[in-house]
Novice: 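Just dropping this structure here.
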2 protein chains.
Amino acid sequence: MALEHAILVSLLEKPGSGYELARRFERSIGYFWTASHQQIYRVLKRMENDGWVDVRDVPQQGRPDKKEYRVADLGRAALSSWLHDPIEPESVRHDLAVKIRGAAFDDPTALIREVERHRQAHRDRLAHYLAGEARDFTGPEANAAGPQAPLDAERELQHVVLRGGIAYERMMIDWLDGVLATLARFGPAR
Amino acid sequence: MALEHAILVSLLEKPGSGYELARRFERSIGYFWTASHQQIYRVLKRMENDGWVDVRDVPQQGRPDKKEYRVADLGRAALSSWLHDPIEPESVRHDLAVKIRGAAFDDPTALIREVERHRQAHRDRLAHYLAGEARDFTGPEANAAGPQAPLDAERELQHVVLRGGIAYERMMIDWLDGVLATLARFGPAR
DNA sequence: TGAGTCATGTAACCAGTTACATGATTAC
DNA sequence: GTAATCATGTAACTGGTTACATGACTCA
């Protein structure tokens with residue numbers, strides 16, 4: 001539903017190729033929206049047909065040529081109209097929670113490893129986000145622009161979204177600690 | 001992917017009809033997995049064909065007859081095998097975050113109402129979860145079973161999952177407060 | 001008599017995933 | 001030579017959403 005819009009936002013932040021978009025969806029944008037390159041190429045083609053984006057062939061030396069996409073007026077209008085359209089607060093889909101409740105009907109301790117793995121993944125992501133925040137928003141280079149640009153909407157909004165990611169990972173780590181404490185109580189004594 | 005498994009867990013907790021499952025997916029299970037009745041009926045039929053669940057016609061008075069499903073041995077085995085299969089830490093998909101970053105290319109203040117609506121939805125859900133927790137886990141009736149059943153895995157695991165929902169809603173409310181503070185700075189002064 | 005709840009479904013469509021496919025260049 | 005990266009795609013499948021459809025009973 002919103003992949004088009006996520007692509008529009010990403011291309012407005014910086015024009016690029018399908019391949020570059022796919023990489024961004026593994027990183028910054030990917031913190032809150034994922035997409036495979038297959039999906040991106042398909043949607044990009046549709047967006048091109050609909051006049052939402054313009055393409056330009058960019059010859060490169062030492063690597064294959066690429067197609068650089070940038071947002072057209074129709075795309076900007078489509079984004080704007082979506083932004084003004086209310087969306088439903090999203091419903092969560094959390095496999096791990098299903099597993100945790102399901103563990104009651106199996107061996108709960110068998111889940112410990114799995115939960116630890118997930119906790120580690122969230123720790124890794126947290127570290128990654130914090131590094132990004134230090135680099136782009138609170139580090140010395142981040143202030144290169146100086147305090148004379150305090151109302152750069154793009155940066156501020158990127159930062160507040162990143163802070164959301166940080167808060168989410170912290171919450172998950174704490175929660176998984178709690179899950180592990182619960183699972184441990186069904187532990188060896190069983 | 002895991003709808004089958006969510007249904008198995010729900011039916012193990014308590015057998016019921018497709019309709020009842022659909023209602024549960026609007027409440028308790030729905031906190032971490034949603035499904036429409038159309039989807040449930042379709043999957044339920046497949047699960048029946050695969051021998052994962054057994055059906056029993058239950059005549060009712062004053063209301064239409066229903067089909068009561070309960071988990072069969074094959075279903076229990078399928079759940080167990082899924083529980084032992086590692087899953088990837090899930091990737092988030094958060095429309096609102098796309099909108100917030102997109103707001104930089106439109107009027108950021110137009111998003112304030114939308115964010116407030118979402119914050120209210122999360123407040124409502126939090127209140128709902130807290131009421132459920134008081135009722136089922138920390139209230140006086142919850143202790144009716146007494147301290148002699150301190151290791152009821154089903155209850156403990158349901159509770160820890162609910163605590164996850166509570167932590168999630170609290171985190172979202174705090175974050176959305178931060179988002180609103182940021183949006184307000186691009187406010188009337190603009 | 002009309003709205004609301006209980007109850008079960010079909011059909012069409014759309015979005016997302018997985019598998020397959022190609023080909024150039026760079027670095028070891 | 002071979003693995004990794006850059007770059008772009010097609011095809012088949014699966015899962016989820018939306019729209020449509022029916023029918024009995026209850027309560028105001």
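In what follows, every chain begins at residue 1, and chains take the letters A, B, ... in the order their sequences are listed. Since this is a predicted model, take the numbers as computed values, not measurements.
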Novice: Are the charged groups of B:Arg23 and B:Glu20 less than 4.0 angstrom apart, N to O?
Specialist: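 Not counted as a salt bridge, because no side-chain N and carboxylate O are separated by less than 4.0 Å.
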Novice: When you check the side-chain N and O atoms of A:His84 and B:Asp106, is any donor under 3.5 Å from an acceptor?
Specialist: yes
Novice: N/O contacts under 3.5 Å, protein versus nucleotides 22-25 of chain C?
Specialist:
| unit_1 | atom_1 | unit_2 | atom_2 | d |
| --- | --- | --- | --- | --- |
| C:dT25 | O3' | A:Gly62 | O | 2.7 |

Novice: What is the separation between atom CD on A:Glu88 and atom C1' on D:dT17, rounded to the nearest whole Å?
Specialist: 14 Å
Novice: Specify the separation, in whole Å, of atom CD1 of A:Ile40 and atom C1' of D:dA7.
Specialist: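 So the CD1-C1' distance, A:Ile40 to D:dA7, works out to 13 Å.
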Novice: Output the rounded distance in Å from CH2 (B:Trp33) to P (D:dT17).
Specialist: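 Distance, rounded to whole Å: 10 Å.
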Novice: Within a reach of under 6.0 Å around CG of B:Asp73, are more than 12 heavy atoms found that belong to other residues, nucleotides or ligands?
Specialist: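 No, the 6.0 Å shell around CG holds no more than 12 heavy atoms from other groups.
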Novice: Could you label the plane-to-plane angle of the A:His118 and A:His122 rings as parallel, tilted or perpendicular, counting under 30° as parallel and over 60° as perpendicular?
Specialist: tilted
Novice: Tell me: CD of A:Gln60 to C1' of D:dT5, nearest whole Å?
Specialist: 12 Å
Novice: Rounded off to whole Å, could you give me the CG-to-P distance for the A:Asp65 and D:dA7 pair?
Specialist: 10 Å
Novice: Just to confirm, is there a sub-4.0 Å distance from OP1 or OP2 of C:dT8 to any side-chain nitrogen or oxygen of B:Ser17?
Specialist: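 So the side-chain polar atoms of B:Ser17 do come within 4.0 Å of the phosphate oxygens OP1 or OP2 of C:dT8, strictly under.
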Novice: Would B:Glu114 and B:Lys99 satisfy side-chain contact (heavy atoms from CB on, under 4.5 Å), going step by step from the backbone distance to the final call?
Specialist: CA-CA 10 Å; B:Glu114 173 89 328; B:Lys99 278 201 174 191; 2.9 Å; yes
Novice: Can you check nucleotides 9-12 of chain D for protein contacts, nitrogen or oxygen pairs under 3.5 Å, and list what you find?
Specialist:
| unit_1 | atom_1 | unit_2 | atom_2 | d |
| --- | --- | --- | --- | --- |
| D:dG9 | OP1 | A:Lys67 | NZ | 2.8 |
| D:dG9 | OP2 | A:Lys67 | NZ | 3.4 |
| D:dG9 | O6 | A:His37 | NE2 | 3.2 |

Novice: Taking only Lys NZ, Arg NE, NH1 and NH2, and the carboxylate oxygens of Asp or Glu, determine whether A:Lys67 and A:Asp57 approach each other closer than 4.0 Å.
Specialist: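 No salt bridge links A:Lys67 with A:Asp57.
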Novice: For D:dT17, does either OP1 or OP2 sit under 4.0 Å from a side-chain N or O belonging to B:Gln39?
Specialist: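 Yes, B:Gln39 has a side-chain N/O under 4.0 Å of OP1/OP2 on D:dT17.
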Novice: Could you pick out which residue, A:Ser36 or B:Lys66, lies toward the 5' side of DNA chain C when each is mapped onto its nearest nucleotide?
Specialist: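 This one resolves to B:Lys66.
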Novice: Could you please name the option among C:dC6, D:dT8, C:dT17 that lies closest to any side-chain atom of B:Arg93?
Specialist: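 The listed nucleotide nearest to B:Arg93's side chain is C:dT17.
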Novice: Rounded to whole Å, please give me the gap between CD in A:Glu48 and P in D:dT8.
Specialist: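 It is 12 Å, rounded to the nearest whole Å.
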Novice: Return the value, rounded to whole Å, for the distance between atom CD of A:Glu26 and atom C1' of D:dA7.
Specialist: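 Computing the A:Glu26:CD to D:dA7:C1' distance gives 14 Å.
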Novice: Same hydrophobic cluster for A:Val58 and A:Leu44, using side-chain heavy-atom links shorter than 4.5 Å among ILVMFWY?
Specialist: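 No, it is not one cluster - the side chains of A:Val58 and A:Leu44 are not joined through contacts under 4.5 Å.
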Novice: Working to the nearest 0.5 angstrom, can you tell me the gap between B:Tyr31 OH and B:Arg24 CZ?
Specialist: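 Rounded to the nearest 0.5 Å, the OH-CZ separation comes out at 13.0 Å.
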Novice: From D:dG15, D:dT8, C:dT5, pick the nucleotide closest to the side chain of A:Tyr19?
Specialist: D:dT8
Novice: Does B:Arg23 have a side-chain nitrogen or oxygen under 4.0 Å from the phosphate oxygens OP1 or OP2 of C:dA7?
Specialist: no
Novice: Before accepting this row, confirm whether a basic side-chain N of the pair B:Arg101/A:Glu154 lies closer than 4.0 Å to the acidic partner's carboxylate O.
Specialist: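 Looking at B:Arg101 and A:Glu154, the cut-off is not met.
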Novice: Given atom CZ of B:Phe25 and atom P of D:dG16, what is their separation to the nearest angstrom?
Specialist: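 After rounding, the reported distance stands at 10 Å.
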